[in-house]
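Quick caveat, the model's predicted, so the values are computed rather than measured.
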Amino acid sequence: MEKRVQQSSPCLRIVLYGPESTGKTTLAKALAAHYNTQWVPEFARDFLQEKWDKYQETCNLEDLITIANGQLEAENKALEKAKTFLFCDTNIMVTKVWSETHFDGYCAPELDHLVEATHYDFYFLTNIDVPWEADDLRDRPGQRETMLAYFKKQLEKHKFPFLQLSGSHQERLEQAITVLDDLIQKKAH
């Protein structure tokens, strides 16, 4: 797959970011519905589920660049119809974190470059205070606290703007809407 470049857009790019099984997809869908805009599903989920279904194989290092480029391509396509916001149910930073936590700290230089070459306006870090839901791809139910801490550390290291969301789905949605309405106001002025 060829390398992708993030397209420019007046839309604010918002990332749902955090460990697996923390409500990112649910929240991305709800926010997109609330703001009548687009959300981008996690490319890795379908890609890796298909790999598992066909070969009973899990993610390897070579898959990560394909996943990052596929995610970016999906974001660019969704921008064509997005209004005000584009909600990303993961992004390249999540792929980088996954690489580092699953491959002994290793992250391919290409992946590091993509993280540096892309821009997102805000991150919502999803807390682990929701029940774990097992599936074919999720693999670390006993390491949720460690994973959350690593995700948060990376946001702080890169100085990305974020808010950690906790509570019920409705509470998270209300917290996010408050922040996003404020971002819209700031953008207008």
Side-chain angles (χ1 to χ4, degrees), residues 1 3-4 6 13-28 39-75 87-167 172 176:
M1 180 179 281
K3 289 185 180 179
R4 300 290 174 201
Q6 189 179 44
R13 289 178 170 93
I14 309 300
V15 181
L16 287 299
Y17 173 88
E20 57 193 10
S21 193
T22 56
K24 296 182 296 292
T25 302
T26 301
L27 190 54
W39 73 282
V40 183
E42 179 184 9
F43 178 85
R45 177 146 288 282
D46 290 339
F47 177 81
L48 293 174
Q49 186 66 56
E50 183 177 327
K51 183 176 179 176
W52 177 256
D53 291 345
K54 285 184 178 177
Y55 311 108
Q56 282 67 56
E57 292 179 2
T58 58
C59 187
N60 61 46
L61 277 172
E62 293 77 31
D63 292 332
L64 296 177
I65 299 302
T66 301
I67 289 168
N69 284 322
Q71 187 68 36
L72 200 50
E73 181 179 5
E75 290 174 22
F87 295 103
C88 302
D89 175 14
T90 200
N91 75 341
I92 294 165
M93 187 67 178
V94 173
T95 307
K96 173 183 170 53
V97 167
W98 203 91
S99 177
E100 292 171 352
T101 58
H102 285 69
F103 296 103
D104 300 321
Y106 178 77
C107 181
E110 300 96 327
L111 202 49
D112 274 329
H113 172 74
L114 281 172
V115 168
E116 297 302 323
T118 54
H119 170 77
Y120 297 88
D121 296 284
F122 202 83
Y123 286 75
F124 288 115
L125 174 61
T126 51
N127 201 350
I128 58 173
D129 60 343
V130 295
W132 172 268
E133 292 183 24
D135 67 17
D136 293 336
L137 303 176
R138 294 177 177 154
D139 66 346
R140 299 211 170 168
Q143 297 178 12
R144 295 181 90 192
E145 288 181 18
T146 302
M147 293 298 290
L148 179 64
Y150 195 83
F151 272 88
K152 185 175 183 180
K153 179 181 172 185
Q154 294 308 305
L155 289 172
E156 292 169 345
K157 175 183 170 185
H158 290 277
K159 296 182 169 80
F160 293 151
F162 77 96
L163 174 69
Q164 185 168 330
L165 299 177
S166 299
R172 291 172 181 219

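Among all heavy-atom pairs drawn from Tyr106 and Leu61, the shortest one is CD2-CD2, 3.6 Å. Heavy-atom minimum distance, Val15 versus Thr90: CG1-C, 4.1 Å. Nearest heavy-atom pair, Asn91 versus Gln71, reported as atom, atom and distance to 0.1 Å: CA-CG, 4.2 Å. Residues Val130 and Gly23 come closest through the heavy atom pair CG2-N, 4.4 Å. Annotation for Leu114 and Ala68: closest pair CD1-CB, 3.8 Å, computed over non-hydrogen atoms.
Listed by chain and residue number, Glu100 satisfy the side chain to side chain donor-acceptor pair (under 3.5 Å) test with Tyr150 (two or more places apart in sequence, or in another chain). With sequence neighbours left out, the side chain to side chain donor-acceptor pair (under 3.5 Å) criterion links Glu75 to Tyr120. Listed by chain and residue number, nothing satisfies the salt bridge (charged side-chain N to carboxylate O under 4.0 Å, His left out) test with Asp121 (two or more places apart in sequence, or in another chain). Legend: residues meeting side chain to side chain donor-acceptor pair (under 3.5 Å) with Thr126, ordered by chain and number and at least two apart, are Thr22. Applying the salt bridge (charged side-chain N to carboxylate O under 4.0 Å, His left out) rule to Glu50 yields the partners Lys54; only residues at least two apart in sequence or on another chain are considered. With sequence neighbours excluded, no residue forms a side chain to side chain donor-acceptor pair (under 3.5 Å) with Tyr17.
Put simply, the side chain of Asn127 does not reach to within 4.5 Å of the side chain of Leu165, judged on heavy atoms. For the pair Asp53/Gln49, a side-chain contact is recorded, criterion being any heavy-atom separation below 4.5 Å from C-beta on. With a 4.5 Å cut-off on side-chain heavy atoms, Arg13 and Val40 do not count as touching. No side-chain heavy atom of Phe43 sits under 4.5 Å from any side-chain heavy atom of Leu72. Under the 4.5 Å side-chain criterion, counting only non-hydrogen atoms from C-beta, Met93 is in contact with Lys96. Considering only heavy atoms from C-beta on, Leu111 comes within 4.5 Å of Ser99 through its side chain.
Residues Glu73 and Asn69 bring no donor and acceptor atom of their side chains to less than 3.5 Å of each other.
With values rounded to the nearest 0.5 angstrom, Phe47 atom CZ is found 5.0 Å from Thr66 atom OG1. Rounding to the nearest 0.5 angstrom, the gap separating the OH atom in Tyr123 from the CG atom in Leu16 is 11.5 Å. Note that OG1 of Thr101 is 6.5 Å distant from CZ of Phe151, once rounded to the nearest 0.5 Å. Summarising the geometry, atom CH2 belonging to Trp98 is positioned 8.5 Å from atom CD belonging to Glu20; distances are rounded to the nearest 0.5 Å. Rounded to the nearest 0.5 Å, atoms OG1 (Thr118) and NE2 (His113) are 9.0 Å apart. Taking CG from Asp112 and CD1 from Ile92, the interatomic distance works out to 11.5 Å, rounded to the nearest 0.5 Å.
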Practice task
Report the C-alpha separation of Val115 and Cys107 in whole Å, then their side-chain angles, then the decisive distance to 0.1 Å, and conclude whether the side-chain contact (heavy atoms from CB on, under 4.5 Å) test is met.
Solution key: CA-CA 11 Å; Val115 168; Cys107 181; over 6 Å; no

Problem - Check against side-chain contact (heavy atoms from CB on, under 4.5 Å), Lys24 and Glu42 - result: CA-CA 10 Å; Lys24 296 182 296 292; Glu42 179 184 9; 5.6 Å; no

Practice task
Decide yes or no on side-chain contact (heavy atoms from CB on, under 4.5 Å) for Glu110 and Leu64, but give the supporting numbers first.
Solution key: CA-CA 10 Å; Glu110 300 96 327; Leu64 296 177; over 6 Å; no

Handout entry: CA sep, side-chain torsions, deciding dist, call: Leu125, Gln154, side-chain contact (heavy atoms from CB on, under 4.5 Å)
Key = CA-CA 11 Å; Leu125 174 61; Gln154 294 308 305; over 6 Å; no

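Annotation for Glu156: atom CD counts as buried by contact number, over 12 foreign heavy atoms lying within 6.0 Å. Taking a 6.0 Å sphere around CG of Asp104, one finds it holds 12 or fewer heavy atoms contributed by other residues, nucleotides or ligands.
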